[in-house]
Amino acid sequence: MSKVKYFYDSETLSYKKIERRKGRKLGIILLSILSSFLAGFILLVIYLNIPQIETPQEKALKRELQNMKLQYGLLNKKMDQIQDVLANVEDRDNNIYRLYFEANPIPEEQRKAGFGGINRYKDLEGFDNSKLIIQTSKRMDILTKQLVVQSKSLDEIAELAKEKESLLAAIPAIQPVKNEDLKKIASGYGWRTDPFTKVKKFHYGMDFSAPRGTPVYATGDGRIKRADNRSTGYGNHIRIDHGYGYTSLYGHLYKYNVRPGQRVKRGDVIGFVGSTGRSEAPHLHYEIFKDDDRINPINFYYGNLSPEEFDQILEKAQQENQSLD
Ligand SMILES: [Zn+2]
């Protein structure tokens with residue numbers, strides 16, 4: 001309901017209605033339409049030309065994105081550190097551990113191999129920051145694989161160490177009789193004069209001169225293979241199978257206190273010195289077999305000899321004297 005306005009006509013001395021002119025009204029309408037268009041246009045221009053004006057949500061997202069890039073950068077730095085530590089472990093693994101246990105070093109290509117075949121990173125493609133994410137994921141995958149290779153290698157080393165430990169315990173490494181003054185070595189391995197025929201004959205063991213009843217020790221861990229007197233010349237004798245191709249033999253015993261099949265440890269008393277079989281005087285005839293060949297026992301006393309003591313024993317064992325057989 002439009003208000004009707006009046007004015008006071010001083011000539012007629014009466015109130016008269018104010019008539020609105022139609023044209024003016026139309027003009028006002030047009031003007032207001034135009035001005036609102038203009039205002040809209042100006043706002044549009046401002047909006048298009050000044051993109052810095054962001055909504056709070058856009059601002060928050062942008063900050064989040066920047067933070068993500070920063071965190072990816074820090075992750076990559078941490079991976080650099082891990083890579084350095086791992087490279088050091090790998091180096092020691094290849095050049096110390098694997099070398100020590102006679103395992104082949106793992107080649108670099110095998111350690112640093114990525115993943116071939118299908119593209120594992122397809123889902124990560126097509127984004128503004130795909131490159132950063134794919135590179136980081138790739139590095140992480142390679143690091144993980146390197147760790148798996150390294151871990152397997154250490155498992156193998158642990159297994160080899162265990163084996164080496166039992167190998168070291170098994171291989172003969174001490175003298176079979178107590179020989180603190182080193183005077184018991186009567187004859188060594190090599191050409192010696194036969195005590196009975198007096199002709200040169202190859203002597204396949206070492207003779208330790210000792211009184212009857214002197215304890216004889218197992219020189220390495222193993223299983224008693226034989227303990228009898230059914231082998232020509234050796235009299236009462238014991239053979240210990242040490243595994244790894246090694247067997248030790250103890251001949252001319254007065255008696256023995258082990259049975260075939262029995263397990264013995266290095267240092268266990270297995271019998272006593274005597275002069276049974278083809279023997280000139282009480283002594284222990286000691287042999288070492290490697291894969292059925294009799295080898296020089298002189299190299300198997302390292303367990304309880306200093307280098308100087310070894311030199312003395314070596315000198316005695318090399319004298320081309322008469323063996324006790
Ligand atoms: Zn002998």
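Just follow the structure's listing: the first ligand is 1, and inside any ligand the first atom is 1. Because only heavy atoms are used, hydrogens play no part in the values below, and waters and symmetry mates are left out as well, while side chains stay in.
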Quiz item: Does His285 put an N, O or S atom under 2.8 Å from the Zn ion (ligand 1)?
Solution: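 Within the cut-off used here (under 2.8 Å), His285 does place an N, O or S atom near the Zn ion (ligand 1).
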Quiz item: Of the backbone and side-chain N, O or S atoms of His252, does one lie nearer to the Zn ion (ligand 1) than 2.8 Å?
Solution: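 Looking at His252, which is the residue asked about, there is no N, O or S atom under 2.8 Å from the Zn ion (ligand 1).
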Quiz prompt | Residue pairs fulfilling salt bridge (charged side-chain N to carboxylate O under 4.0 Å, His left out) with at least one residue in residues 308-320, sequence neighbours excluded | solution =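 Only Lys200-Glu320 qualify under salt bridge (charged side-chain N to carboxylate O under 4.0 Å, His left out).
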Quiz prompt | Flag for His203-His285: side-chain donor and acceptor within less than 3.5 Å | solution =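 Checked: His285/His203 side chains pair up, N/O donor to acceptor below 3.5 Å.
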Self-check item: Donor on one side chain, acceptor on other, Ser153 and Tyr97, under 3.5 Å
Solution: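 No, no side-chain donor-acceptor pair sits under 3.5 Å.
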Self-check item: Identity of the N, O or S atom of Asp207 lying closest to the Zn ion (ligand 1)
Solution: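 Looking only at N, O and S atoms of Asp207, the one nearest the Zn ion (ligand 1) is named OD1.
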Self-check item: Pi-cation contact, Phe300 with Lys290 (under 6.0 Å, within 45°)
Solution: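 Pair Lys290/Phe300 does not count as cation-pi.
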